[in-house]
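Side chains are part of it too, since the values below use all heavy atoms of this structure and drop only hydrogens, waters and symmetry mates. Proteins come first, then strands; the chains are lettered A, B, ... in the order of their sequence lines, and each starts at number 1.
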Amino acid sequence: MSNDTILAAHGLVRHFNVGGGLLQNPTVVRAVDGIDLTIKRGETFAIVGESGCGKSTLARLLMRLLTPTRGEVVFDGRDISGVDGKALTDLRRDMQFIFQDPFSSLNPRLTVGKLVGEPLEVHAPDLTRAQRRDRVAGLLEQVGLKPEHADRYPHEFSGGQRQRIGIARALASGPKLIIGDEPVSALDVSVQAQVINLLSDLGRDLDLTLVIIAHDLAVIRHMSDRVAVMYLGQIVESGTADEVFESPRHPYTRALLDAIPEPRHSETPREQTVLGEMPSPSAPPPGCRFHTRCPFAQDNCRTDVPRLEDDADEHAVACHHWRAIAAAQAVPERTAKPRSSGSASRFALYRAAADGAPLTYKTAAATSPTPTKD
Amino acid sequence: MSNIDAHRSPAEPDAPATTPLLEVRNFSLRFRGQSRDVVSGIDLRVSAGEILCIVGESGCGKSVTAMALMGLLPPDAAEIPSGSMVFEQTSYDLTRQVLPARLRGDRMAMIFQEPMTSLNPAFRIGDQIAEAVMQHTDCTKAEAMQRAGDMLEQVGIPAPRQRLREYPHQLSGGMRQRVMIAMALVNDPALLIADEPTTALDVTIQAQILDLIRDLQARRNMGTVMITHDLGVVAELATTVAVMYGGQIVERGPVSQVFDDPQHPYTIGLMSSVPKLTGPRTRLTTVPGTVPSIADMPQGCRFQSRCPFATQDCNTVPAMRDMGADHEVACHYAPLDSNISVVA
């Protein structure tokens with residue numbers, strides 16, 4: 001294994017048995033069904049898919065929160081799919097998790113200082129109490145909170161601040177890799193942007209590898225270096241973010257991108273809406289799993305399973321017909337309509353002001369201090 | 001309230017285009033036991049065939065506004081200090097908090113965010129839709145079921161007659177939302193209020209539901225009030241947009257104006273915060289801080305605590321200013337580009 005791979009999955013499978021009983025066989029849910037991937041040291045790798053595609057199960061397998069049914073997960077050159085006990089505790093130091101919901105993932109009875117300090121007690125037991133308090137203060141500052149917040153409880157914070165607490169807690173042990181399961185999807189847009197910026201700053205400054213699980217493609221394009229698209233427990237396309245977003249190959253990726261409403265006004269509506277809904281992962285369709293919803297499906301898609309095939313640019317796709325589809329129907333170019341000059345200068349002005357640039361006000365009344373306290 | 005008995009008949013000729021279907025004036029709302037308004041003096045107008053999107057973040061008051069317009073807020077939890085509403089040329093005093101039950105589910109209908117919690121899990125889908133029909137129409141159960149089946153077909157549910165006998169848990173999220181829409185539209189309402197109808201859905205399903213809403217509302221010439229936090233949904237669906245912050249409307253106008261020429265610092269900040277699918281992947285410009293709680297809302301312009309342009313002048317409430325082309329903004333410094341510049 002090359003040295004720049006930090007985490008890899010080989011033939012990873014996880015099935016869950018649901019229901020069943022004395023006289024009835026359980027239903028097998030194929031949540032993750034044969035996944036190979038490699039994540040490079042220092043990159044931000046994103047896994048995208050809709051609910052039920054198995055992305056959260058995959059995240060938990062990579063984290064060794066679940067044991068795989070088959071296959072292996074290799075972290076830093078070591079197979080971790082079966083580790084437990086002391087080895088697992090050591091693994092947790094290097095690998096941390098950020099949860100989706102900042103409301104339910106923090107113990108409401110612990111102070112923020114205790115929440116962030118807890119991983120230090122486990123992973124750095126030699127620290128004195130004062131040293132630990134200093135480290136907690138440093139971590140809180142690193143995520144944009146104040147050291148005095150350490151004495152407060154989670155309910156005193158907003159969603160965005162709680163997510164920062166979760167991030168500080170994940171950073172406490174000094175991990176090499178952090179996996180975030182929908183780390184920003186519960187947040188409001190303006191706060192989401194703050195947390196996205198924070199995660200990319202931390203990734204750069206601390207030389208972290210980030211694995212981001214998300215359903216929001218715009219967030220993923222913004223944050224990640226490489227992307228894997230999942231459908232029904234399998235990866236259907238992977239590649240660099242630029243490649244996947246600019247020239248998506250799999251019909252599912254194209255449909256996902258096409259389905260996103262763009263926050264820009266335009267007169268042209270979407271070209272096509274993907275049909276139907278995702279089949280149940282307990283009874284995935286034979287052949288290509290997307291064929292039941294694919295507008296391009298042919299006879300062989302119903303019987304032959306497409307392999308995920310890499311090309312020279314490491315842009316891989318699992319589709320029998322992607323070349324023919326790309327030739328027949330080019331990916332519509334998404335070009336942002338340029339803003340009017342007045343509006344463009346307003347956006348530039350806002351950006352400058354938000355970054356703290358000094359401002360002058362032309363209205364005379366505006367510059368004179370006229371306190372109007374009520 | 002004698003005027004609530006003003007009669008209506010389906011054959012009524014269309015109102016002239018100048019008269020809006022729904023007009024709300026100076027609507028304020030306050031939770032009992034709190035000293036500040038959660039919604040503070042907002043005006044709304046929707047005409048037939050128009051989709052008004054109210055966009056804003058959690059806690060801006062958009063959902064309680066929708067609930068109040070439907071008369072769904074319990075009077076012991078919330079009071080309405082001011083506000084009046086004209087709906088289909090009949091006026092209602094919102095402060096009295098008694099809207100006639102016959103409006104609800106008949107002339108005005110609502111779709112909620114979470115279809116699983118808004119459908120009754122213990123009753124079959126057909127019975128739930130038929131109940132809505134029988135509540136407002138004098139007809140037999142069989143006729144009501146017939147209409148329920150027709151409606152399920154219109155919202156694109158496969159094998160609608162069989163589905164009538166199913167329970168909500170047997171359907172997927174997207175199908176449940178279609179059932180909600182069928183239930184809302186079965187009595188042919190003039191006004192549809194939709195509160196985050198696609199937020200709980202995956203993008204491909206969201207696209208299907210947005211197409212469905214757009215299609216049905218155009219075919220029926222309904223007025224629609226859509227509550228959402230998603231600027232993408234607004235851009236896709238809206239005719240007009242109202243941007244809310246801290247219980248006030250800070251900007252309003254036709255969708256093309258608000259998106260191509262946003263004026264309020266909050267609107268600009270919100271649009272800058274959204275990661276884009278095109279263009280360079282630069283660092284996101286954000287709106288600093290978080291929304292204050294209602295008790296901590298600043299006096300005057302409520303956005304001033306997060307606004308990078310705020311001065312002492314912002315302690316006075318900014319009036320809605322006309323920017324031309326039906327576009328209004330509540331900011332002392334609009335247009336920003338001619339009133340403020342960066343010191344070189």
Please flag which part of [X] lies under 4.5 Å from any non-hydrogen atom of chain A: side chain, backbone, both or neither.
{"X": "B/A200", "answer": "neither"}
{"X": "B/V234", "answer": "neither"}
{"X": "B/S338", "answer": "backbone"}

Using non-hydrogen atoms only, which part of [X] is less than 4.5 Å away from chain B: side chain, backbone, both, or neither?
{"X": "A/Q192", "result": "side chain"}
{"X": "A/A352", "result": "side chain"}
{"X": "A/S158", "result": "side chain"}
{"X": "A/D216", "result": "neither"}

Inset, instruction - State whether a side-chain donor-acceptor pair under 3.5 Å links B/S172 with A/E277. - result: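 On atom types as modelled, these side chains qualify, holding a pair under 3.5 Å.
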
Legend entry - Pairwise side-chain contact, A/L359 with B/V343, heavy-atom cut-off 4.5 Å (strictly under):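 No, every pair of side-chain atoms sits at 4.5 Å or beyond.
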
Legend entry - Exercise: identify the closest heavy-atom pair between B/T286 and A/Y350: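 Heavy-atom minimum between the residues: O-OH, 3.2 Å.
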
Inset, instruction - Give me the ring orientation class for A/Y361 and B/Y333: parallel if the planes are under 30° apart, tilted from 30 to 60°, perpendicular past 60°. - result: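 Ring orientation, 0 to 90° scale: tilted.
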
Legend entry - Working for side chain to side chain contact (heavy atoms under 4.5 Å, CB included), residues B/D261 and A/R346: CA-CA 9 Å; B/D261 200 21; A/R346 238 168 281 141; 3.0 Å; yes

Legend entry - Backbone N/O of A/M223 and side chain of B/R281: donor-acceptor pair under 3.5 Å: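 No: the side chain of B/R281 does not pair with the backbone of A/M223.
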
